[in-house]
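Read the structure below first, then the notes.
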Amino acid sequence: MPDVRNPGPDYLAFWRERHVCTLTTLRPDGTPHVVPVGVTYDPDTLTARVITSGKSRKVAHVLAAGPDGARVAVCQTQGRRWATLEGRAVIRTEPEQVEDAVRRYAVRYERTPAHNPHRVVIEIAVDRALGRG
């Protein structure tokens, strides 16, 4: 298991490559809700970010967990390589936070997403890293 504070250069490089990821949240009944997303990761602050519509089910699941946020996981895979980041997610709506997340997304995914007036950020305070390089 990679050390979340020092995961190694290959693990970090994998998180900079362009990959479709998944986000797992929990529904109110405790069952997992897994959806494809784009994820950016800042290892200096141990923060992963997902931009999405504030009207999405994944946002509703995080909000339903209360003000302390929800436990979530983001994962990506390519062949035998895989990487998962786990942590507590909160919803950020501040325009500067949303703009920053969009910029980070544009760098990783080499495209700027279309304007979405309902866009928010699922911000994950990462406390666990898993993976195989």
Salt bridge (charged side-chain N to carboxylate O under 4.0 Å, His left out) contacts touching [range] (sequence neighbours left out):
range: residues 56-71; result: R71-E86, R71-D127
range: residues 30-47; result: D42-R104
range: residues 109-122; result: none
range: residues 13-27; result: E17-R81

Subject >> Side-chain hydrophobic cluster, 4.5 Å single linkage: members besides V126 >> reply: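 Cluster partners of V126: V4, Y11, L12, W15, L23, V35, V37, V39, Y41, L46, V50, V59, V62, L63, V72, V74, L85, I91, V120, I122, I124.
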Subject >> Hydrophobic cluster partners of V98 (side-chain heavy atoms under 4.5 Å) >> reply: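 V98 clusters with I51, V102, Y105, Y109, V121.
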Grab the two heavy atoms, one from [X] and one from [Y], that are nearest each other, plus how far apart they are.
X: T112; Y: A106; value: OG1-CB, 3.8 Å
X: H118; Y: N116; value: N-OD1, 2.7 Å
X: A70; Y: A65; value: CB-CB, 3.5 Å

**OP:** Answer whether the closest heavy-atom distance between the side chains of W82 and Q76 falls below 4.5 Å.
**Re:**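 They are not in contact (no side-chain heavy atoms under 4.5 Å apart), so the answer is no.
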**OP:** State whether the side chain of R92 and the backbone N or O of E123 hold a donor-acceptor pair below 3.5 Å, judged by distance alone.
**Re:**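 No, the answer is negative, given that no donor and acceptor are paired below the 3.5 Å cut-off.
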**OP:** Check whether any side-chain N or O of S56 sits under 3.5 Å from a backbone N or O of G54 as a donor-acceptor pair, and report yes or no.
**Re:**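 Between the backbone of G54 and the side chain of S56 there is no qualifying donor-acceptor contact (under 3.5 Å).
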**OP:** Apply side-chain contact (heavy atoms from CB on, under 4.5 Å) to V107 and list each qualifying residue two or more places apart in sequence or on a separate chain.
**Re:**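 For V107, no residue satisfies side-chain contact (heavy atoms from CB on, under 4.5 Å) once neighbours in sequence are set aside.
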Original post:
What pairs with T22 under side-chain contact (heavy atoms from CB on, under 4.5 Å), at least two apart in sequence or on another chain?
Top reply: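 Result, side-chain contact (heavy atoms from CB on, under 4.5 Å) vs T22: V34, C75.
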Subject >> Qualifying residues under ring-ring contact (aromatic ring centres under 6.0 Å, His included), relative to H33, sequence neighbours excluded >> reply: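 By the ring-ring contact (aromatic ring centres under 6.0 Å, His included) rule, H33 matches H61.
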**OP:** Sequence neighbours left out, what passes side-chain hydrogen bond (donor to acceptor under 3.5 Å, both in side chains) with N6? Give chain and number order.
**Re:**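 Partners of N6 by the side-chain hydrogen bond (donor to acceptor under 3.5 Å, both in side chains) criterion come out as none, since no residue qualifies.
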**OP:** Please identify each residue that fulfils side-chain hydrogen bond (donor to acceptor under 3.5 Å, both in side chains) with T24, with sequence neighbours left out.
**Re:**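 In terms of side-chain hydrogen bond (donor to acceptor under 3.5 Å, both in side chains), with neighbours along the sequence ignored, T24 is linked to no residue.
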Subject >> salt bridge (charged side-chain N to carboxylate O under 4.0 Å, His left out) partners for E96, two or more places apart >> reply: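 Testing E96 for salt bridge (charged side-chain N to carboxylate O under 4.0 Å, His left out), a comparison that skips the adjacent residues, returns none.
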